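Report on one structure; see the data block that follows.
Not measured: the values here are computed from a predicted model. A, B, ... follow the sequence lines: proteins, then strands. Residue 1 opens every chain. Values below: every heavy atom of this structure, side chains too, minus hydrogens, waters and symmetry copies.
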There are 2 protein chains.
Amino acid sequence: MQLGSRKLHILHAVVHDYISYGEPVGSRTIAKKYDMGISPATIRNEMSDLEEMGYLQQPHTSAGRIPSDKAYRLYVDKLMKTRKPTADEAERIERIYQQKTTEVDKIIEQVASILSDITSYTSVVLGPRLSKVLIRHIELIPIEGQYALLLVVTSAGIIKDTLIRIPDNIDIGYLERISNMLTKYYRNKTFAEVNINHAVDIQKEMMNQKEFINNVLDAFANNIASQNKGDIYLGGTANIFNFPEYQDIIKAREFLNLMENRDMLYNLLGRYDEEDVLIVIGTENEFNEMQDCSVVMGTYSIGDKILGTMGLIGPTRMEYSKAVSIMRYVGQIVSRHLTLLFKE
Amino acid sequence: MQLGSRKLHILHAVVHDYISYGEPVGSRTIAKKYDMGISPATIRNEMSDLEEMGYLQQPHTSAGRIPSDKAYRLYVDKLMKTRKPTADEAERIERIYQQKTTEVDKIIEQVASILSDITSYTSVVLGPRLSKVLIRHIELIPIEGQYALLLVVTSAGIIKDTLIRIPDNIDIGYLERISNMLTKYYRNKTFAEVNINHAVDIQKEMMNQKEFINNVLDAFANNIASQNKGDIYLGGTANIFNFPEYQDIIKAREFLNLMENRDMLYNLLGRYDEEDVLIVIGTENEFNEMQDCSVVMGTYSIGDKILGTMGLIGPTRMEYSKAVSIMRYVGQIVSRHLTLLFKE
DNA sequence: TGTTAGCACTCTCCCTTTATGAGTGCTAAT
DNA sequence: ATTAGCACTCATAAAGGGAGAGTGCTAACA
């Protein structure tokens with residue numbers, strides 16, 4: 001069977017209506033609201049065809065139709081009109097620029113909250129992936145007592161630190177020398193490239209302070225460089241209650257448990273690093289637990305280096321055009337902001 | 001009317017039973033389960049008195065009784081048996097020691113998750129209050145381009161940073177000198193005590209690099225020292241669904257919205273800094289929205305300096321003895337862990 | 001005088017029944 | 001090919017009708 005233009009129109013109408021109201025759409029509704037000059041009976045015939053082709057489903061015999069995931073896919077690929085953020089939305093997104101802080105965590109946190117506030121979906125934002133980030137500076141700062149703080153500053157302004165015990169006979173100058181060596185050696189490398197066995201200069205140094213240097217290198221490699229998972233920020237988890245399909249307490253609970261499963265979210269979003277927005281609809285998602293939802297993903301960057309991923313999670317009948325336009329614009333703005341702060 | 005020992009026994013039984021099952025407790029139930037050698041009819045008379053005195057309430061005529069907030073208060077103050085963590089609970093709490101990281105954020109995050117996992121209530125943990133924390137070290141780290149990172153390391157291992165633009169003609173040595181001055185000047189002060197006008201040495205320095213020094217001091221005072229709110233970590237927000245009183249989607253939603261209201265949580269917990277555990281029951285809470293819940297608060301410290309507050313939030317019929325014992329023990333363990341890491 | 005058995009009464013909860021209405025598919029007419 | 005008409009299906013809401021838990025009151029009892 002062919003997907004003629006009339007079928008497409010009807011499909012569009014069903015998807016559009018269902019996205020707006022979340023109730024199965026009947027033939028009469030379409031005839032009245034979308035005014036396409038044919039009678040409900042004709043629409044019924046077409047809908048019956050569309051059901052056979054896998055685009056529509058009936059929850060039960062005497063209900064209207066709802067779109068299948070296949071229909072949403074067709075909708076987002078072919079039928080959906082692109083949309084720009086409204087003036088109000090744009091204004092709210094641009095508040096990212098007004099953040100005073102230069103701490104990436106805080107910026108990302110605000111991004112999550114803006115995303116969920118504007119869209120009323122749940123937002124997930126991954127902090128900068130450490131594997132994508134360059135080491136800029138390593139510093140051993142003496143703390144009183146017998147401790148020093150090993151600090152690593154990266155190109156995205158992220159700072160990782162760990163405490164190290166230092167022997168009595170070590171002075172500040174010595175710490176500085178080691179800091180310099182480490183910086184010189186690992187500067188502009190990623191954490192993934194850290195391999196303490198290759199640091200020849202430093203190994204020479206080992207002769208006099210073998211144990212201490214070992215401690216430092218060990219802390220660097222194991223406490224800092226091996227944390228390859230960045231943080232996850234969530235926004236608007238309670239938004240899911242806005243949707244009638246989640247009025248069921250069991251479904252709502254499942255959803256919220258899902259949002260607490262950081263590993264899953266990390267796996268879902270973490271592997272995505274394309275420039276453009278990606279839409280994953282219902283059963284297209286490889287995680288079974290999320291096959292009731294759709295996810296709209298985007299990324300943010302510094303310069304042209306993609307740093308992290310953002311996601312909007314909502315019911316499969318989500319307003320894709322809105323989610324996409326917001327996601328795109330937020331991506332642009334936050335990237336521009338971070339680039340201004342940290343580029344070069 | 002007097003609260004004789006028999007009335008107390010009955011009240012105890014009602015509270016205990018209602019905490020366990022969440023259903024109104026009838027006279028027969030008490031006679032059977034708590035075996036106090038009197039008949040249901042007598043218990044009914046006593047319960048009627050207790051109701052008059054404001055300790056019990058009836059949801060409707062033909063239901064059993066439920067405790068009022070006043071009854072819970074009496075219960076936690078006088079009737080409740082203290083309880084120690086079970087071996088299993090203690091073992092799970094002591095995993096705090098096994099954390100490899102020395103980043104306070106991560107430790108606190110784990111504490112929130114342990115608290116909520118063990119108790120099955122929602123946990124809220126405030127990060128160290130900056131007003132309680134001493135400045136240990138200030139450092140200007142040159143980043144390539146024309147930027148430096150202004151880093152402040154504190155006595156609780158927290159690190160605050162902000163970016164500063166630096167003029168062309170400034171070299172590393174100069175940055176070091178300023179770092180040393182700042183450290184010398186503000187060391188062992190709290191952020192609250194920071195007043196850039198008093199830094200005489202540094203103001204002298206201003207003569208040659210007036211604009212730059214101004215930038216540094218301004219960033220220090222405004223971007224770092226003025227952030228007096230620490231972070232908030234939540235655990236087990238979805239736990240609320242375990243309780244029948246929150247099966248109602250509207251109540252569940254209200255609760256979750258509450259948990260997203262960071263300011264409120266901050267105000268609720270932030271002002272509390274006593275050593276011992278504090279229990280706030282239902283209407284005792286000054287925030288109307290939280291008068292359906294009870295909160296058990298505790299603190300954690302470094303040495304004998306109280307740093308931050310923790311809270312367990314659950315229904316008013318929460319298992320206070322459990323919540324209190326867990327809260328106490330977690331407080332002890334996390335304080336000991338932090339003290340080992342950061343003291344001196 | 002305090003305690004208890006007995007009993008009528010109340011109210012919720014759950015089950016069943018019934019009515020309503022939205023929507024369909026089929027058939028026959030256009 | 002399109003559409004009006006109609007019988008049929010199914011979910012949802014409203015109404016009725018026990019069953020059960022629990023109470024308060026009264027009168028008997030130790």
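Rounded to an integer number of Å, the gap from A:Ile66 CD1 to D:dA11 P is 14 Å. Going from atom CG of B:Leu56 over to atom P of D:dT23 covers 10 Å, rounded to whole Å. As rounded to whole Å, 13 Å separates atom C1' of D:dA21 from atom CE of B:Met47. Between B:Arg65 atom CZ and C:dT10 atom P the separation is 17 Å, expressed in whole Å. Rounded to whole Å, the distance from CD on B:Glu23 to P on C:dT12 is 15 Å. Summarising the geometry, the separation between CG on B:Asp49 and P on C:dG2 is reported as 11 Å, rounded to the nearest angstrom. Across the protein-nucleic acid pair, A:His60 atom NE2 and C:dG21 atom P stand 16 Å apart, rounded to whole Å. When the C1' atom of C:dT24 is taken as reference, atom CD of A:Glu46 falls 16 Å away, rounded to whole Å.
Under 4.0 angstrom from either OP1 or OP2 of C:dT24 there lies at least one side-chain N or O belonging to A:Ser27.
Taking 4.0 Å as the cut-off between side-chain N and carboxylate O, A:Glu245 and A:Lys251 do not count as a salt-bridged pair. The residues A:Arg73 and A:Asp77 are annotated as salt-bridged, a charged nitrogen and a carboxylate oxygen being separated by less than 4.0 angstrom. We find that B:Lys84 and B:Glu89 are not joined by a salt bridge, their nearest charged nitrogen and carboxylate oxygen being 4.0 Å or further apart.
Of the listed nucleotides (C:dG25, D:dG22, D:dT2), D:dT2 has the atom at the smallest distance from the side chain of A:Thr42. Counting only heavy atoms from C-beta on, B:Thr61 has its side chain closest to C:dC11 among D:dG24, C:dT3, C:dC11. Listed candidates were D:dT2, C:dT4, C:dT12. Nearest to the side chain of B:Ile38 is C:dT4.
Toward the 5' end of DNA chain C, the nearer of the two residues A:Arg28 and B:Asn45, judged by each one's closest nucleotide, is B:Asn45. Of the two residues near DNA chain C, B:Gly37 and A:Ala41, the one whose nearest nucleotide lies more 5' is B:Gly37.
Under the ring pair (Phe, Tyr, Trp, His ring centres under 6.0 Å) test applied with A:Phe243, the options A:Tyr121, A:Tyr21, A:Phe255 reduce to a single match, A:Tyr121.
Ring-plane geometry between A:Tyr75 and A:His12 is classed as tilted, the angle between the planes lying from 30 to 60 degrees on a 0 to 90 degree scale.
With hydrogens and angles ignored, a donor-acceptor pair closer than 3.5 Å exists between the side chain of A:Arg44 and the base of C:dG25. Scanning atom types as modelled, one donor and one acceptor separated by under 3.5 angstrom connect the side chain of B:Ser62 and the base of C:dT10.
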